[in-house]
Amino acid sequence: MHAPRPTTINPKLVSAGLAIVASLALGVTAALAGTARESGDPGITDGTVLLGGTAPLTGPSASYAAVAKGAAAYFRYVNARGGVNGRKILYKVADDGGSPAGAAVATRQLVEQDRVFALFNSVGTDTNLAVREELNRAKVPQLFVASGATTWGRDYAQYPYTTGFQPSYRAEGSVYGKYLARSARGATVAVLFQNDDFGKELLGGLKRGLQRSRARVVAAQPYDEAAVDVSAQIARLKASGADTLAIFATPAHTIQAYQAAARLGWKLARVVNSSGGAASTTMSSAAVGQNRLVAGTVSIAFLKDPADPQWKRDAALRLYSSVMAQYAPGADAGDLMHLYGMAAAWTAVEALRQTGRDLSRESLRKTVDAFTAPGDPFLLPGIVVKTAGADHYPIEQMLLRRWQNGAWRSFGGLWSTTGS
């Protein structure tokens with residue numbers, strides 16, 4: 001997950017009265033919120049804990065709102081079973097429109113007006129960067145942000161109230177490089193990448209993974225997130241003569257890249273980053289009825305995929321489908337973004353459980369500072385969420401998968417790598 005370029009919270013934006021476009025008050029009711037007297041840190045009562053987050057509920061990145069919807073559904077499921085340590089989880093998501101400025105305004109409202117206990121799983125790299133410094137200064141936990149930026153783990157000592165969740169983009173790119181170095185010796189790689197930290201970290205990781213091998217990057221073309229077409233970049237990459245294309249992009253631009261390559265008759269091996277090709281609908285859209293267009297594409301996974309046939313009878317995915325049907329009716333349970341949110345929500349519940357009944361922002365920070373959660377049922381078997389000492393990359397294991405016959409299919413064993 002990621003978002004546009006960072007900015008800082010501008011008090012003038014707030015004082016000017018700019019409204020947040022929309023918000024999802026997920027599980028928050030006046031009756032429930034008023035059942036107990038608030039004590040200690042904001043957002044905590046005898047019977048509730050209020051979490052907040054931001055997501056692009058509107059705008060060009062609105063598909064990422066599915067992350068918040070999946071998390072909200074799981075919190076409702078937990079609440080129906082008594083909550084955690086006797087408290088029900090209230091979860092309010094404010095619309096940031098996918099922009100850092102929107103995130104700054106929305107986050108300030110959540111903290112100062114709604115008085116949330118912690119921020120949870122806010123979506124996007126630059127949107128989270130826009131508010132990280134102020135949240136840490138106020139000692140408000142910024143929990144399990146929905147972004148793979150390396151900075152969440154690398155700079156944890158400077159920002160101890162901020163914690164990532166998914167594998168870092170640099171680690172993901174490194175796995176692709178190591179895979180190509182082993183399986184396609186001498187490969188020449190052309191890279192389409194989004195021209196921000198998201199794309200640049202994936203590219204840097206790819207190059208690191210290719211070190212000490214005969215495979216190499218021979219061309220790289222950036223594109224701006226606001227670009228409406230990437231055909232020119234694909235044409236320039238084809239002219240490089242590369243035999244492998246790496247696409248480090250969001251879903252919409254991933255589809256454009258595949259279709260542009262098809263128009264040029266560019267048939268070659270492909271790698272696509274996990275957020276770009278995570279949803280089976282993205283890959284199917286790229287194929288446009290010609291599955292050979294995307295067949296053989298390789299990506300990584302750390303979540304169980306509802307569209308992967310091997311998980312058809314999996315107990316956790318049956319639970320996922322049931323929770324979505326009951327608490328998010330009408331939502332597409334096949335969208336991996338929903339499952340991502342649910343996996344993060346499970347981890348947040350576990351962090352609250354381990355912190356105990358005597359809950360405070362500082363006690364939660366200490367829990368997450370040395371945290372082990374081996375049982376997240378929505379992650380692939382063997383993957384453990386863990387932080388310890390100087391290592392604050394919660395997920396550092398992933399599995400390679402290949403697009404075959406209209407679905408992702410994993411292969412090989414787990415790849416373990418450091419976040420940076």
Side-chain angles (χ1 to χ4, degrees), residues 1-6 61 64 123-126 128-129 145-154 164-181 184 187-211 213 215-225 227 230 233-234 237 240 242 244-258 261 269-279 282-283 286 297-303 336 340 393 395-401 403 415 417-420:
M1 317 297 145
H2 74 107
R5 303 299 301 171
S61 300
Y64 288 115
V123 177
T125 298
D126 291 346
N128 276 291
L129 285 173
V145 300
S147 158
T150 305
T151 183
W152 313 130
R154 182 191 62 212
F165 180 64
Q166 69 195 66
S168 77
Y169 299 134
R170 191 173 296 275
E172 180 180 347
S174 178
V175 167
Y176 298 138
K178 291 176 181 178
Y179 164 73
L180 291 172
T188 51
V189 187
V191 184
L192 175 73
F193 68 99
Q194 188 157 292
N195 194 23
D196 58 12
D197 290 344
F198 158 67
K200 291 174 182 177
E201 286 199 3
L202 282 160
L203 175 58
L206 174 70
K207 290 179 176 179
R208 186 181 68 173
L210 290 173
Q211 289 176 355
S213 78
R216 67 192 190 283
V217 173
V218 296
Q221 282 289 313
Y223 75 89
D224 187 79
E225 186 176 26
V230 295
Q233 287 92 335
I234 294 297
L237 291 173
S240 71
T244 301
L245 173 62
I247 302 171
F248 297 150
T250 56
H253 291 108
T254 295
I255 293 170
Q256 291 178 12
Y258 276 108
R270 295 179 178 89
V271 166
V272 63
N273 64 286
S274 60
S275 59
T282 299
M283 302 302 289
T297 294
V298 170
S299 188
I300 65 102
F302 58 96
L303 299 164
L336 194 62
Y340 177 103
Y393 298 95
I395 298 178
E396 297 183 287
Q397 298 159 295
M398 58 200 90
L399 198 66
L400 284 168
R401 58 183 182 166
W403 183 260
W415 292 68
T417 180
T418 57
S420 56

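Heavy atoms only: backbone and side chains are in, while hydrogens, waters and symmetry mates are out. Sequence positions, counted from 1, serve as the residue numbers for this chain.
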Within a strict 4.5 Å, meaning less than it, do heavy atoms of the [X] and [Y] side chains meet?
{"X": "Tyr179", "Y": "Leu400", "result": "yes"}
{"X": "Val271", "Y": "Leu245", "result": "no"}
{"X": "Glu225", "Y": "Phe198", "result": "no"}
{"X": "Val230", "Y": "Leu192", "result": "yes"}
{"X": "Asn195", "Y": "Tyr223", "result": "no"}

Is a donor from one side chain sitting under 3.5 angstrom from an acceptor on the other, for [X] and [Y]?
{"X": "Tyr64", "Y": "Ser275", "answer": "no"}
{"X": "Glu201", "Y": "Thr150", "answer": "yes"}
{"X": "Ser274", "Y": "Glu172", "answer": "yes"}

task = State which residues pass side chain to side chain contact (heavy atoms under 4.5 Å, CB included) with Ala220; sequence neighbours excluded, sorted by chain then number.
result =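 Checked Ala220 against side chain to side chain contact (heavy atoms under 4.5 Å, CB included); matches are Val191, Phe193, Leu203.
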
request  = Would you please name every residue forming a side chain to side chain contact (heavy atoms under 4.5 Å, CB included) with Ala269, sequence neighbours left out?
outcome  =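 In terms of side chain to side chain contact (heavy atoms under 4.5 Å, CB included), with neighbours along the sequence ignored, Ala269 is linked to Thr244.
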
With a 3.5 Å distance limit and no angle check, can you tell me whether [X] reaches the backbone of [Y] through a side-chain donor-acceptor pair?
{"X": "Ser174", "Y": "Arg170", "value": "no"}
{"X": "Asn273", "Y": "Ala249", "value": "yes"}
{"X": "Tyr393", "Y": "Arg154", "value": "yes"}
{"X": "Asp197", "Y": "Lys200", "value": "no"}

Which heavy atom in [X] sits nearest to a heavy atom in [Y], and how many Å separate them?
{"X": "Ala227", "Y": "His253", "answer": "O-NE2, 2.8 Å"}
{"X": "Ile300", "Y": "Arg401", "answer": "O-NE, 3.3 Å"}
{"X": "Thr417", "Y": "Ala171", "answer": "CG2-CB, 3.6 Å"}
{"X": "Ala246", "Y": "Val189", "answer": "CB-CG1, 4.2 Å"}
{"X": "Leu210", "Y": "Ser213", "answer": "O-OG, 2.6 Å"}

Aromatic plane relationship, Tyr176 with Phe248 - under 30° parallel, 30 to 60° tilted, over 60° perpendicular =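 Taking Tyr176 first and then Phe248, their aromatic rings lie parallel (interplane angle under 30°).
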
ask   = Between Val272 and Trp403, does a side-chain contact (heavy atoms from CB on, under 4.5 Å) hold up when you go through it step by step?
value = CA-CA 10 Å; Val272 63; Trp403 183 260; over 6 Å; no

